Amino acid sequence: MIVAANAVLSPTAKRRPVSWGNPLTYALALAVAAVSITPVVYVIIGGFRTTPQIVADPAGLPDPWVWDNYARVLTQSDFWRQVFNSAVVSLGTTIGVVVLGVCAAFVLARYTFRGREVLYTFFTLGLLFPAGAAILPLYLMLRDLNLINSYYAVILPQVAFALPLTIVILRPFLTAIPRELEDAAAIDGTGRLGFLWRILLPLSRPALVTVGILAFVTSWNAFLLPLLVLGDASLHTLPLGVQNFSSQYTSDTAGILAFTSLAMLPALIFFTFAEKQIVGGLQGAVKG
């Protein structure tokens, strides 16, 4: 018994091997975070400087802090029109992605039919298809449908390209719901659509929030597709607004940085506050 007690109390008995993996992981994570955050911080701070300050010391801090650049951008009617266009396109894309993604994932997760896995594989192959490769035929198709210079010309393709990832994330959540709940709901007289609305969707909230946020942020930052299908300046989104502002004020570096900061700020804030939901949704998809 004394030997057992000594074994328990002995420091060597409690000693665990030191794992150097965690410090290395943290160091790599900090390095990646620094690489990702530094350009964003530089752009935001650069908007508080003057162009001569940036030319004299590109890596310096504002001295003094100048608010005129941001005030000048915020007082432009073009900026707020582009904010409205971006909001319409992003919200429309998000709603379409979530609604259609839930419908497709629900069928693939809760229904058994011949070719189900083949159909799911077909959706997952969409992750390997680069959107840029379809730009030209997509433009021709939208032109033939008379959708050029409309919100639909941006929303519909973005929904289509976002569906593969949405289904990959949602299907494991909908599959993981026990069949017993569906049987109990059926006994209570609830149909499949009622089961989806009352039980599956509330339990799959992390995944729904994840796909919604990813769709919103991706749509908000989209540049190539709006550039090709939105020739009307009154329909331009914020990424196109940044390009227009840069072309119009090529020598105003500080103003360009301020406009860029304000253009990316909504998506950045939205993504930051919903980060935990995204992590939870992706973890559930991996476990599923």
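Atoms considered below: every heavy atom in the structure, side chains included; atoms not considered: hydrogens, waters and symmetry mates. This one's a predicted model, so the numbers in the text were calculated from it and none came from an experiment.
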| message | More than 12 heavy atoms of other residues, nucleotides or ligands under 6.0 Å from CG of L193: yes or no? | response | no
| said: Going by the rule side chain to side chain contact (heavy atoms under 4.5 Å, CB included), which residues pair with L208 if we only count those two or more places apart in sequence or in a different chain? | reply: V98, V102, L170, L201
| query | Does the pair R72/D252 count as a salt bridge with the N-to-O cut at 4.0 Å? | reply | yes
| Any donor-acceptor pair under 3.5 Å from Q53 side chain to D63 backbone | yes
| message | Tell me the closest heavy-atom pair linking G47 and N69, and the distance in Å. | response | O-ND2, 2.9 Å
| field | Pairs flagged by side chain to side chain donor-acceptor pair (under 3.5 Å) wherever residues 35-44 is involved - sequence neighbours left out | value | none
| What is the minimum heavy-atom distance between I167 and G101, and which atoms define it? | CG1-O, 4.3 Å
Would you mind writing out the side-chain donor-acceptor pairs for residues 123-131 within the sub-3.5 Å range, not counting sequence neighbours?
residue	atom	partner	partner atom	Å
T124	OG1	Y120	O	3.4
T124	OG1	T121	O	2.6

| task | Measure from the ring center of F259 to the ring center of Y70 and say whether it is less than 6.0 Å. | result | no
| request: Not counting sequence neighbours, which residues clear side chain to side chain contact (heavy atoms under 4.5 Å, CB included) with V55? List them please. | output: T51
| query | For S246 and T250, which heavy atoms make the closest approach, and how far apart are they? | reply | O-CG2, 3.2 Å
| query | Short question: side chain of T190, backbone of A186 - any donor-acceptor pair under 3.5 Å? | reply | no
| request: List in chain and number order the residues that pass side-chain hydrogen bond (donor to acceptor under 3.5 Å, both in side chains) with Q82, two or more places apart in sequence or in another chain; answer none if no residue qualifies. | output: none
| Sole residue of V154, T94, L100 in side-chain contact (heavy atoms from CB on, under 4.5 Å) with V159 | L100
| Distance-only, no hydrogens or angles: does the W220 side chain make a donor-acceptor pair with backbone N or O of A263 under 3.5 Å? | yes
| remark: Residues joined to V99 in its hydrophobic cluster, side chain to side chain under 4.5 Å directly or through other members, sorted by chain and number, are I95
| field | Hydrophobic cluster of L61, others only, ordered by chain and residue number, side-chain cut-off 4.5 Å | value | I37, V41, I45
Let me check something: any side-chain donor-acceptor pairs from residues 104-113 under 3.5 Å, sequence neighbours excluded? List them with distances.
residue	atom	partner	partner atom	Å
R110	NH1	L174	O	2.7
R110	NH1	I177	O	2.8
R110	NH2	E182	OE1	2.9

| query | Quick one: does P226's side chain get under 4.5 Å of V89's, heavy atoms only? | reply | no
| How would you list all residue pairs meeting side chain to side chain donor-acceptor pair (under 3.5 Å) that involve residues 153-172, not counting sequence neighbours? | T93-Q158, E117-R171, Q158-S219
| query | Donor-acceptor pair, W80 side chain versus L74 backbone, under 3.5 Å? | reply | yes
Please list, one pair per line, the donor and acceptor atoms closer than 3.5 Å that link side chains of residues 236-245 to other protein atoms, with sequence neighbours excluded.
residue	atom	partner	partner atom	Å
H236	ND1	N244	ND2	2.9
H236	NE2	L230	O	3.0
N244	ND2	L240	O	3.2

| request: Please name all residues satisfying side chain to side chain contact (heavy atoms under 4.5 Å, CB included) with P178, sequence neighbours left out, ordered by chain then number. | output: E180, L181
| task | Show the numbers, then the answer: is there a side-chain contact (heavy atoms from CB on, under 4.5 Å) between I54 and T50? | result | CA-CA 6 Å; I54 296 175; T50 63; over 6 Å; no
Result block: side-chain N/O donor-acceptor pairs under 3.5 angstrom for residues 137-153, not counting sequence neighbours:
residue	atom	partner	partner atom	Å
N149	OD1	G231	N	2.6
N149	OD1	D232	N	2.9
S150	OG	L147	O	2.4
Y151	OH	N85	OD1	2.7

| query | Where do F161 and T218 land on the side-chain contact (heavy atoms from CB on, under 4.5 Å) test, with the steps shown first? | reply | CA-CA 11 Å; F161 284 113; T218 302; over 6 Å; no
| field | CZ/R179: more than 12 non-hydrogen atoms of other groups inside 6.0 Å | value | yes
